[in-house]
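In what follows, a single structure is set out as structure tokens and then discussed.
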There are 2 protein chains.
Amino acid sequence: MLRLTKKADYGLMALKYLAEHPDSVSVSAKDIADTYGIPPQLLAKVLQRLTKVGLLRSHAGMNGGYELSREARRISAFEVIHAIDGPLFITSCTKGSKSCDLEPNCTIKEPLARVNESIAGVLKSISIYDLVDAETAAGRSAEMLVTLMHS
Amino acid sequence: MLRLTKKADYGLMALKYLAEHPDSVSVSAKDIADTYGIPPQLLAKVLQRLTKVGLLRSHAGMNGGYELSREARRISAFEVIHAIDGPLFITSCTKGSKSCDLEPNCTIKEPLARVNESIAGVLKSISIYDLVDAETAAGRSAEMLVTLMHS
DNA sequence: CAGTATAGGACTGATTTTGTCGCAGTTCAA
DNA sequence: TTGAACTGCGACAAAATCAGTCCTATACTG
Ligand code: FES
Ligand code: FES
């Protein structure tokens with residue numbers, strides 16, 4: 001349950017890699033795929049998607065590749081996951097498109113929406129930079145959560 | 001993404017139903033399935049699973065059915081989801097059974113484990129009773145979270 | 001015993017996820 | 001100007017997971 005798709009995982013790994021190599025002007029999908037041992041073409045698609053939503057800047061051609069469009073500190077895990085896996089909804093029926101047939105009966109959706117918000121809050125409080133410098137993540141996460149809950 | 005399986009949804013709905021009908025000594029799977037319009041046999045399996053892990057008590061035979069094994073306030077959404085959807089967590093590679101092949105390279109797992117804990121915390125702070133009396137859920141959730149984070 | 005209910009294994013079909021292939025466009029540098 | 005090394009897509013195939021059904025056994029009630 002509640003598991004991230006591999007694509008999202010790949011995306012986070014790639015962004016982390018980019019954050020760790022700010023010196024390189026741009027890194028190709030293949031480079032990242034090779035170092036992590038993940039399917040190059042699949043990673044390429046993930047990175048293309050991240051580019052499309054504006055988290056990355058791409059550069060075609062020889063010595064081309066990708067670079068972060070903002071500093072790692074300003075890219076949240078939520079954005080990445082949202083871009084790749086789509087809007088995260090804990091309820092099995094996606095409220096967005098088509099409400100499920102048990103809508104009138106199901107009273108579980110509402111309270112679970114709050115849980116959803118909490119989770120989104122946690123994810124928003126984690127930045128790519130936090131993945132690099134893992135130690136700071138816990139503290140920041142707790143801080144953000146408290147303020148989030150008081151709002 | 002991050003969506004609950006329908007089974008887990010059904011399980012939560014059923015438990016909520018049971019919490020709302022404490023007067024009835026026991027309720028059959030069919031009763032619940034009918035009121036919510038979900039496949040009876042599927043719900044039956046879910047309830048069987050919940051019985052197996054001790055969240056419900058079952059009673060075969062005529063006028064048989066299920067009842068909560070504890071008060072609704074003491075059954076968390078986490079337990080229900082965990083029982084039905086299994087222990088798999090936000091990291092795509094289940095740490096429990098078999099570590100994925102990119103284990104040595106992937107440095108993302110660790111920080112994400114914290115996120116995982118936070119989410120589990122939220123789920124643990126929601127009880128079946130909170131689903132019934134939805135208004136209180138938000139408050140309790142926030143409270144629990146803050147204490148959780150400070151531990 | 002007859003009827004109703006849980007218990008659970010096996011199985012099929014639907015849906016989602018994961019990964020591949022092929023081709024078109026872009027950039028760079030020899 | 002040619003070709004190698006890239007990104008950008010769309011379609012597709014393979015694999016895994018989920019949802020739902022069926023069938024049989026067992027337990028309890030009256
Ligand atoms: S399961 Fe669809 S509205 Fe709750
Ligand atoms: S994806 Fe398996 S260890 Fe990170």
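Residue numbers begin at 1 in each chain, while the letters A, B, ... track the order of the sequences.
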Short side-chain N/O contact to C/dG19 OP1/OP2 from A/Tyr10, under 4.0 Å
yes

Nearest-Å distance for atom pair CG/C1', residues B/Asn63 and D/dC28
10 Å

Is the backbone N or O of A/Ile75 less than 3.5 Å from a side-chain atom of A/Ser127, with the two atoms forming a donor-acceptor pair by type?
no

salt_bridge(B/Arg70, B/Glu79) N-O dist < 4.0 Å:
yes

Under 4.0 Å: is that the gap between some side-chain N or O of A/His59 and OP1 or OP2 of D/dA5?
no

Mind checking whether B/Tyr66 and B/Gln48 have side chains closer than 4.5 Å, heavy atoms only?
yes

When all nucleic acid strands are considered with a 4.0 Å heavy-atom cut-off, which category describes B/Lys30: base, sugar-phosphate, or nothing?
nothing

Rounding to an integer number of Å, can you tell me how far A/Arg49 CZ sits from C/dT17 C1'?
15 Å

Side chain to side chain donor-acceptor pair (under 3.5 Å) partners of B/Thr51, counting only residues at least two apart
none

Of B/Lys45 and B/Ser28, the one whose closest DNA chain C nucleotide lies more 5'
B/Ser28

Quiz item: A/Gln48 side-chain donor-acceptor pair to D/dG8 base, under 3.5 Å:
yes

Length of the NZ-P vector between B/Lys7 and D/dG20, whole Å
9 Å

What is the distance, to the nearest angstrom, from the CE atom on A/Met62 to the P atom on D/dT2?
17 Å

Using a heavy-atom cut-off of under 4.0 Å over every strand shown, decide if A/Ala29 touches base, sugar-phosphate, or nothing.
sugar-phosphate

Measure from the side chain of A/Thr51, starting at C-beta and using heavy atoms only, and say which of D/dG8, C/dG22, C/dT18 lies closest.
D/dG8

Whole angstroms only, please: what is the NZ-C1' distance between A/Lys6 and D/dA15?
11 Å

Minimum-distance nucleotide to B/Tyr66 side chain [options: C/dT20, D/dC23, C/dT6]
C/dT6

Among D/dC18, D/dG3, C/dT18, the nucleotide that comes nearest once only the side chain of B/Thr5 is considered:
D/dC18

Distance in angstrom units between A/Ile84 CD1 and C/dT16 C1', rounded
16 Å

For A/Leu42 and D/dG8, what is the distance between atoms CG and P respectively, to the nearest whole Å?
15 Å

Given D/dT21, C/dT18, D/dA19, identify the nucleotide with an atom nearest to the side chain of B/Gln41.
D/dT21

Please check the phosphate of D/dC6 (OP1 and OP2 only) for any side-chain N or O of A/Ser58 closer than 4.0 Å.
no

Gap between atoms CD1 and P, on A/Ile38 and C/dT17 respectively (whole Å):
18 Å

Side chain A/Ser26, main chain A/Gly64, donor-acceptor under 3.5 Å:
yes

Could you say whether A/Lys52 or A/Gly61 is positioned toward the 5' end of DNA chain D, judged by the nucleotide with the nearest heavy atom to each?
A/Gly61

